[in-house]
Amino acid sequence: MASPRDAVSAYPQRCRICSGALELHLPGAGGMLTAEALSPSRHEPGLHADLLACRECGAIQQAGMPAGSRLHDLYREMRDEAYLAEQAGRRATAARLLDLIARHAGAGRLLDVGCGHGLLLDEARRRGHRVVGLELSRAGARHAREVLGLEVHEVPLEAFEDPGGFDVVVLADVLEHLEDPVLGIDRAARLLAPGGVLCIITPDASSVTARLAGARWWGYLPAHTCLIPRRTLRELLAARGLVVSTDVPLVRTFSARRWLDGLGERLGPLGGVFEALAARLPPGASLSLSLYDERVVLAHRVEAREPAEPLLRDRGGPARVHVVLPAHDAAGSLPGVVGEMARDAADHALLVDDASADATADVALAHGLPVLRQPSSRGHGSAQKTGYLRALLAGADVVVTVRPDDGHDPALLAALVEPILAGRAELVVGSRLPEHDGDANGVPRWRRLGRHGLTGLENRVFGLSLRAYDTGYRAFSADLLRSLPFLRNSDASMFDQEIFAQAVDRGARVVEIPLPARELPEPASGGLPAGVRHGLGALVVLGRFSLDRRGRRWPLLGRPATRLTFTGARGDDAAEDRGLDVGAP
């Protein structure tokens, strides 16, 4: 007798990513899923079952999908006779993916999950990788083993074990097919060796292309169990301790005929024009392009480097304060910041180096700061996300941001933390004193007026009365951070505005304390163009926040896709692996 998990799943009531409420996104044709419909070459529109969207994380999932061994059996029976007809283009696409990976990882052990006929594995082997594949389709696995001579196992990712670890794990067009994509990401992350790279390619239903195409978008297929939006995917990866280095559109190569035939499928009565044009093209003509609706995301297993003599040590008190220093090219100002930091006000510090071109990491280590260097420069927001997550992993009760550009006095750290420790606030903002915000302190008139105008608008939208929102000197309670989907936020400077909107949405108690600011010279701030971009970005955040209040749900204000609950012993270096409860809230 089949177990409930092996039977066709009931109409889902909760999101399989974050447990949020689901609502109908697109009605479907229904019907029983067959092995033929799972073929990668099948992209006819409208054959899927009902598609449901999560109000919290934005994931889109298909109702009535088979589960457990029944789903696996369908994939074992699946054949795709047309797949190898596009072999040249598929190999060219694989080569571009391997070029991206090669920027961060040399030839080593590579695992391709859902390797199909083994084309990417074969290309990787030619480059010196030691390759292993996983593929449920008997026909695909047989071709990979017998024709290409590859090591391929016919087991699902959830059941695969390898104690040696892999330098590269690839999930290309796989995540959207998994019954439990969160478990799939967990398993893939655990298979990475230290310094390893996880490469995920998956359709993005939140893309402009998908929204414009609507019901005829190619990503709405019977084979796709769950489509994870780009920001939510990055949130899930970061929550596993991985650091994203690359997030770019996928460029695919197919024959020109294949591209035109696919377009014809989606244009209904007008499709015949493109199909007729495709028939006239020479068979060898190919085309490489991106529709900007499928992403290539690289995420790395990165460990922090520890200094010989740490600047801060655990004080043994009832609450642990962690300082996060998001840094980029801060080697010159960092010694001054460290010299003034109040060492009796915090227990731990971490400098997140956003791939600086100077000696920021070496200077930080020499001054007693642990350093986590990101594989590529992603922006100020990316460094903050990495730092906040690591602080939560390490069991922080309060997390403080200190900018290492010497823009604020780090000796005032205790004053910033006190309202949280006293139970009067969940978020504390250090704002400039009025006498420190004039032309005499290096602030141009245009910037001062723009800042005051924007602050007034932010106060009106958020219902607060703060002097400024753009300060980088902030303190958060760990409980507040865990309730926010901050890992979903922008990698750039808009992170600061987005996390503030999230905190206000949660009803966080906000306290502002005055801090004298040491304003940086104007070139370091980016000048007028950067100021205009910042202002426009802040207006977008305010607009989305206001629309959410009127019922137009903004996923950035939804519940986190993962539960970041520290359960390990404080001070345990292995807490990241054993002590973090990561799962649906």
(request) Kindly determine whether R145 and E154 satisfy salt bridge (charged side-chain N to carboxylate O under 4.0 Å, His left out), including the steps that lead there. (result) CA-CA 11 Å; R145 284 195 300 263; E154 294 182 37; 2.7 Å; yes
(message) Walk me through whether H322 and L350 qualify under side chain to side chain contact (heavy atoms under 4.5 Å, CB included).
(response) CA-CA 8 Å; H322 283 230; L350 175 67; over 6 Å; no
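- Checking side-chain atoms of E176 against main-chain N and O of L227 turns up no donor-acceptor pair under 3.5 Å.
- Counting only heavy atoms from C-beta outward, the side chains of S137 and R79 never approach each other to under 4.5 Å.
- Closest approach of G118 to L150, counting heavy atoms only: O-CD1, 3.4 Å.
- Judged by distance alone, with hydrogens and angles left aside, the side-chain atoms of T253 form no donor-acceptor pair with the main-chain N or O of A92 at under 3.5 Å.
- A salt bridge links D99 to R127: at least one charged side-chain nitrogen sits closer than 4.0 Å to a carboxylate oxygen.
- Between R252 and E86, no side-chain nitrogen of the basic residue sits less than 4.0 Å from a carboxylate oxygen of the acidic one, so the salt-bridge criterion is not met.
- Salt-bridge check for E151 with R125: failed, with every basic side-chain N at 4.0 Å or more from each acidic carboxylate O.
- Minimum interatomic distance between L175 and P181 (heavy atoms only, all atoms of both residues): CD1-O, 3.6 Å.
- We find the CZ-CD1 distance between R240 and I185 to be 6.5 Å, quoted to the nearest 0.5 Å.
- P326 and H380 get closest at one heavy-atom pair: CG-CE1, 3.5 Å.
- Using a 4.5 Å cut-off on side-chain heavy atoms (C-beta onward), H25 and L52 make no contact.
- Here the CG atom belonging to L298 is positioned 4.0 Å from the OG1 atom belonging to T246, to the nearest 0.5 angstrom.
- Contact annotation: the side chain of R482 approaches that of L392 to within less than 4.5 Å [non-hydrogen atoms, C-beta and beyond].
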Sequence neighbours excluded and cut-off under 3.5 Å, please list the side-chain donor-acceptor pairs for residues 108-115, or say none.
residue, atom, partner, partner atom, Å
R109, NH1, D162, OD1, 2.8
R109, NH1, G165, O, 3.0
R109, NH2, D162, OD2, 3.0

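- Taking the six-membered ring for Trp and the full ring otherwise, Y83 and H143 have centroids separated by 6.0 Å or more.
- Here the straight-line distance linking atom CG of L351 with atom CZ of R305 works out to 11.0 Å at 0.5 Å rounding.
- Using a 4.5 Å heavy-atom threshold, the side chains of D354 and R378 count as touching.
- Among all heavy-atom pairs drawn from D548 and W554, the shortest one is OD1-N, 2.9 Å.
- Counted by atom type alone, Q384 and N489 present zero donor-acceptor pairs between their side chains at under 3.5 Å.
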(request) Run the numbers on V352 and Q374 for side chain to side chain contact (heavy atoms under 4.5 Å, CB included), then give the verdict. (result) CA-CA 7 Å; V352 181; Q374 302 201 126; 3.9 Å; yes
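- No side-chain N or O of R103 forms a donor-acceptor pair with one of S376 less than 3.5 Å apart.
- Using a 4.5 Å heavy-atom cutoff, the side chains of E498 and P485 are not in contact.
- The CH2 atom of W218 lies 5.5 Å from the NE2 atom of H43; values are rounded to the nearest 0.5 Å.
- Judged by distance alone, with hydrogens and angles left aside, the side-chain atoms of E56 form a donor-acceptor pair with the main-chain N or O of R559 at under 3.5 Å.
- Few gaps surround CZ on R126; more than 12 heavy atoms of other groups in view lie less than 6.0 Å from it.
- Remark: the backbone N or O of L557 is paired with a side-chain donor or acceptor of R553 at under 3.5 angstrom.
- Contact of the P375 side chain with the V302 side chain is registered, since non-hydrogen atoms from C-beta on lie closer than 4.5 Å.
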(message) If you apply the rule side chain to side chain contact (heavy atoms under 4.5 Å, CB included), what do you find for V170 with I101, and how did you get there?
(response) CA-CA 10 Å; V170 179; I101 293 169; 4.2 Å; yes
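- At distances below 3.5 Å, not a single donor-acceptor pair connects side-chain atoms of E179 with backbone N or O atoms of T225.
- Checking side-chain atoms of D491 against main-chain N and O of G379 turns up no donor-acceptor pair under 3.5 Å.
- Not a single donor-acceptor pair under 3.5 Å links the side chain of D293 to the backbone N or O of T209.
- A distance of 13.0 Å separates CG of L242 from CZ of R234, quoted to the nearest 0.5 Å.
- Contact check on D180 versus R16 returns no salt bridge, with no Lys/Arg side-chain nitrogen under 4.0 Å from an Asp/Glu carboxylate oxygen.
- With R474 contributing its side chain and T401 its backbone, the two residues share no donor-acceptor pair below 3.5 Å.
- Although no hydrogens or angles enter the test, the distance criterion places no donor-acceptor pair under 3.5 Å between the side chain of R488 and the main chain of L236.
- In this structure a side-chain-to-backbone donor-acceptor pair under 3.5 Å is missing from H72 to L136.
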(request) Check the pair C226 / I17 against side chain to side chain contact (heavy atoms under 4.5 Å, CB included), numbers first and verdict last. (result) CA-CA 9 Å; C226 186; I17 303 299; 3.9 Å; yes
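- F166 and F160 have tilted rings, their planes meeting at an angle from 30° to 60° on a 0 to 90° scale.
- Contact detail for L98 and L120: the closest heavy-atom pair is CD1-O, 4.2 Å.
- Taking each heavy atom of Y292 and S207 in turn, the nearest pair found is O-CB, 3.5 Å.
- In this structure the side chain of L38 reaches within 4.5 angstrom of the side chain of Y75, judged on heavy atoms.
- T360 OG1 to R373 CZ: the interatomic distance, rounded to the nearest 0.5 Å, is 8.5 Å.
- For the residue pair Q87 / R91, a side-chain donor-acceptor distance below 3.5 Å is found, with atom types taken as modelled.
- Note on ring orientation: taking the six-membered ring where Trp is involved, the planes of Y388 and F495 are tilted (angle from 30° to 60°).
- Proximity of P229 to P555: side-chain heavy atoms (C-beta onward) are nowhere separated by under 4.5 Å.
- At a cut-off of 3.5 Å, with distance as the only test, a side-chain donor of S41 or D80 sits close to an acceptor on the other residue.
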